[in-house]
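Atoms within a ligand are numbered from 1 in the order they appear, just like the ligands themselves.
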Amino acid sequence: MKVGIFGVSGAGKSTLFRALAGGAGDAAPKGPSTGICTIRVPDSRVDRLAEIFHPKKTTHVSITFEDIGTKEDELLPPDTLAKIKGVEVLAIVLRGFSDDFHPPPPEGLDPVREFRAIESELTLSDYLIAQKRIERMTKEARRDIEWTSLQKAVASLEREVPLRRVEFSAEETRVLSGFRFVSQLPFLIVLNVGEGDLSAGTYPELDAVAKDRGIPLLRLSAKIEEEISQLSPPEQIDFLKEMGVEESVRDRLVRGAFDAMDFICFLTVGEDEVRAWNIKRGTAALGAAGKIHSDLEKGFIRAEVIQCEDFLRCGTMAKAKAEGKLRLEGKEYVVRDGDIFHVRFNI
Ligand SMILES: Nc1nc2c(ncn2[C@@H]2O[C@H](COP(=O)(O)OP(=O)(O)O)[C@@H](O)[C@H]2O)c(=O)[nH]1
Ligand SMILES: [Mg+2]
């Protein structure tokens, strides 16, 4: 999964990115200087399963973050738009801080206005692309599913409704997917507040906007997070405690991205590999099997499923089976977060 860090110039994107990328020790992601870093999603279930199975390989879910950057005077130049089209979630950084070096803009700090402006630029960009394509197709007298789907998209975009909030059929979604419309991306809002405002509940209007749209909202100070990231891991823990921050910025952003995507994790275990996989909430067993390997989807017979906590309590599969915790499920079974999943298949 790839998360783009986006926002107006000076909102604190690069500071936040450095906080994410600039870790010490084991957790340090590779390649912070490129503006792209990959973070392993911490998951104690994976670690505990690895202690039991001693697999050759342990694989966590990983998330890539990219600092999309911005030009001072233009929010969506072509290269920025191209970068956004390459991500699956947008973390929108909004400016909520000012200090002597960064005085507020003349119109005052207003994260809600900033958010609306960004959302409307993204929507406009999709509108222009869809409209242009429709004109071409109209000239060619094409009236197929692509044309009708684009008409439906434009009808919403005209009213400034982002495509995220439009219900498309599976077929419509398929024909539109090639456009990689940016107003369809799930959002995560990062409100970058001043150092003294962490717990102050500033900008309550933004909470209301986020809640109304179902967008996860994180309130943090990118600058403090950057300072924390420079400390050694034990110092980080102490510092977080002192500041009354419960979780590191990484954990919070990872969780926010999962929430924005509505993802859950399931697990596979064995002597070769213990692994966590991310899928959309509501995915059926067949889809989860396909995520592991297309053969498992094609030859799917049944899935053996057990909740990770149940397994950890029992300690062995044999005991779990004896206690009736290991179930056989068909292809329509909706996978739950924390399911350990084993596919029986035949091809
Ligand atoms: N006081 C304060 N300054 C910040 C904070 N976050 C970023 N800054 C400063 O704001 C300026 C712009 O930040 P930067 O991350 O480069 O913004 P970008 O243009 O969005 O990448 C830098 O000088 C940062 O040090 C914050 O939380 N508090
Ligand atoms: Mg920057």
Chemist: Below 4.0 angstrom from a heavy atom of Ser9, which ligand 1 atoms are there? Numbered from 1 as shown, please.
Modeler: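 Matching atoms, with element in brackets: 19 (O).
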Chemist: Can you tell which part of Val93 has a heavy atom less than 4.0 Å from ligand 1: side chain, backbone, both or neither?
Modeler: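 Neither part.
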Chemist: Give me the residue, atom name and distance of the protein heavy atom closest to atom 17 (O) of ligand 1.
Modeler: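 Minimum-distance protein heavy atom for atom 17 (O) of ligand 1 reads Gly12 N, 3.2 Å.
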Chemist: Starting from atom 24 (C) of ligand 1, locate the nearest protein heavy atom and write down its residue, its atom name and how far away it is, to 0.1 Å.
Modeler: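 So the nearest neighbour among protein heavy atoms is Thr15 OG1, 3.7 Å.
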Chemist: Ion pair present between Glu247 and Arg252, side-chain N to carboxylate O less than 4.0 angstrom?
Modeler: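 The answer is no: the pair does not qualify as a salt bridge.
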Chemist: Taking the six-membered ring for Trp, are Phe311 and Phe53 parallel (under 30°), tilted (30 to 60°) or perpendicular (over 60°)?
Modeler: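 Judged by the thresholds at 30° and 60°, the geometry between Phe311 and Phe53 is parallel.
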Chemist: Please list the nearest protein heavy atom to atom 28 (N) of ligand 1 with its residue and the distance rounded to 0.1 Å.
Modeler: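 I find the closest protein heavy atom is Glu195 OE1, 3.2 Å.
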Chemist: Identify the closest protein heavy atom to atom 22 (C) of ligand 1: which residue and atom is it, and at what distance?
Modeler: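 Protein heavy atom at minimum distance: His102 NE2, 3.5 Å.
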Chemist: Taking the six-membered ring for Trp, are Trp277 and Phe266 parallel (under 30°), tilted (30 to 60°) or perpendicular (over 60°)?
Modeler: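 Because their plane-to-plane angle is under 30°, the rings of Trp277 and Phe266 count as parallel.
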Chemist: Does the side chain of Thr123 pick up a donor-acceptor pair with the side chain of Ser183 at under 3.5 Å?
Modeler: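 No, no side-chain donor-acceptor pair sits under 3.5 Å.
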Chemist: What atoms of ligand 1 come closer than 4.0 angstrom to any heavy atom of Val8?
Modeler: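 Per the distance check, 20 (O).
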Chemist: Under 4.0 Å from ligand 1, counting heavy atoms only, is it the side chain of Thr70, its backbone, both or neither?
Modeler: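 Neither; no heavy atom under 4.0 Å.
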Chemist: Of all the atoms in ligand 1, which lie at a distance below 4.0 Å from a heavy atom belonging to Ala222?
Modeler: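 Those qualifying, in numeric order: 6 (N), 27 (O).
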Chemist: Looking only at protein heavy atoms, which one is nearest to atom 1 (N) of ligand 1, and how far off is it?
Modeler: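 The closest heavy atom on the protein side is Asp99 OD2, 2.7 Å.
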Chemist: If we only consider heavy atoms of Leu16, is any one of them less than 4.0 Å away from an atom in ligand 1?
Modeler: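 False for this residue.
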Chemist: For Val193, take its heavy atoms, then give the atoms of ligand 1 lying under 4.0 Å from any of them.
Modeler: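 Taking each heavy atom of Val193 in turn, ligand 1 has 27 (O) under 4.0 Å.
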Chemist: With a 4.0 Å cut-off on N to O distance, would you call Lys13 and Asp67 a salt bridge?
Modeler: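 Salt bridge absent between Lys13 and Asp67.
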Chemist: Output yes when the distance from some N or O of ligand 1 to some N or O of Asn192 is under 3.5 Å, and no in every other case.
Modeler: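 Between Asn192 and ligand 1 (N or O atoms, distance only) the closest approach is under 3.5 Å.
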Chemist: Check this for me, if you would: do Asp126 and Arg180 make a salt bridge, where the nitrogen-to-carboxylate-oxygen distance has to be below 4.0 angstrom?
Modeler: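 A salt bridge is absent here (no side-chain N lies under 4.0 Å from a carboxylate O).
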Chemist: Check Glu135 with Lys132, please: is the shortest side-chain N to carboxylate O separation under 4.0 Å?
Modeler: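 Salt bridge: no.
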Chemist: Among all protein heavy atoms in this structure, tell me which lies nearest to atom 8 (N) of ligand 1, with the distance rounded to 0.1 Å.
Modeler: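 Closest protein heavy atom to atom 8 (N) of ligand 1: Phe97 CZ, 3.4 Å.
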Chemist: Between Lys325 and Glu323, does any side-chain N to carboxylate O distance fall below 4.0 Å?
Modeler: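 Glu323 and Lys325: not salt-bridged.
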Chemist: If you have a sec, work out which protein heavy atom is nearest atom 26 (C) of ligand 1 and how many Å separate them, to one decimal?
Modeler: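 It is Lys223 CB, 3.5 Å.
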Chemist: In this structure, does ligand 1 have an atom that sits under 4.0 Å from one of the heavy atoms of Gly194?
Modeler: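 It does not, in that no heavy atom of Gly194 comes within the 4.0 Å cut-off of ligand 1.
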Chemist: Taking the non-hydrogen atoms of Ile224, is any one of them nearer than 4.0 angstrom to ligand 1?
Modeler: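 Heavy atoms of Ile224 never come under 4.0 Å of ligand 1.
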Chemist: Is it true that Glu114 and Arg95 have a side-chain N and a carboxylate O under 4.0 angstrom from each other?
Modeler: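 The answer is no: the pair does not qualify as a salt bridge.
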Chemist: Tell me whether the Mg ion (ligand 2) has Ser9 as a neighbour, meaning an N, O or S atom of it below 2.8 Å.
Modeler: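 No, outside the cut-off.
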Chemist: Do me a favour and list the nearest non-hydrogen protein atom to atom 19 (O) of ligand 1 with residue, atom name and distance?
Modeler: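 Ranking protein heavy atoms by distance from atom 19 (O) of ligand 1, first comes Gly10 N, 2.7 Å.
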Chemist: Any ion pair linking Glu309 and Arg313 (charged N to carboxylate O, less than 4.0 Å)?
Modeler: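 No.
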Chemist: Between Lys71 and Asp73, does at least one N-O distance fall below 4.0 Å, as a salt bridge requires?
Modeler: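 No, Lys71 and Asp73 are not salt-bridged.
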Chemist: What verdict does the salt bridge (Lys or Arg N to Asp or Glu O under 4.0 Å) test give for Arg344 and Glu304, after you've listed the backbone C-alpha separation in whole Å, the side-chain angles of each residue and the deciding distance to 0.1 Å?
Modeler: CA-CA 7 Å; Arg344 290 190 194 166; Glu304 288 170 17; 2.8 Å; yes
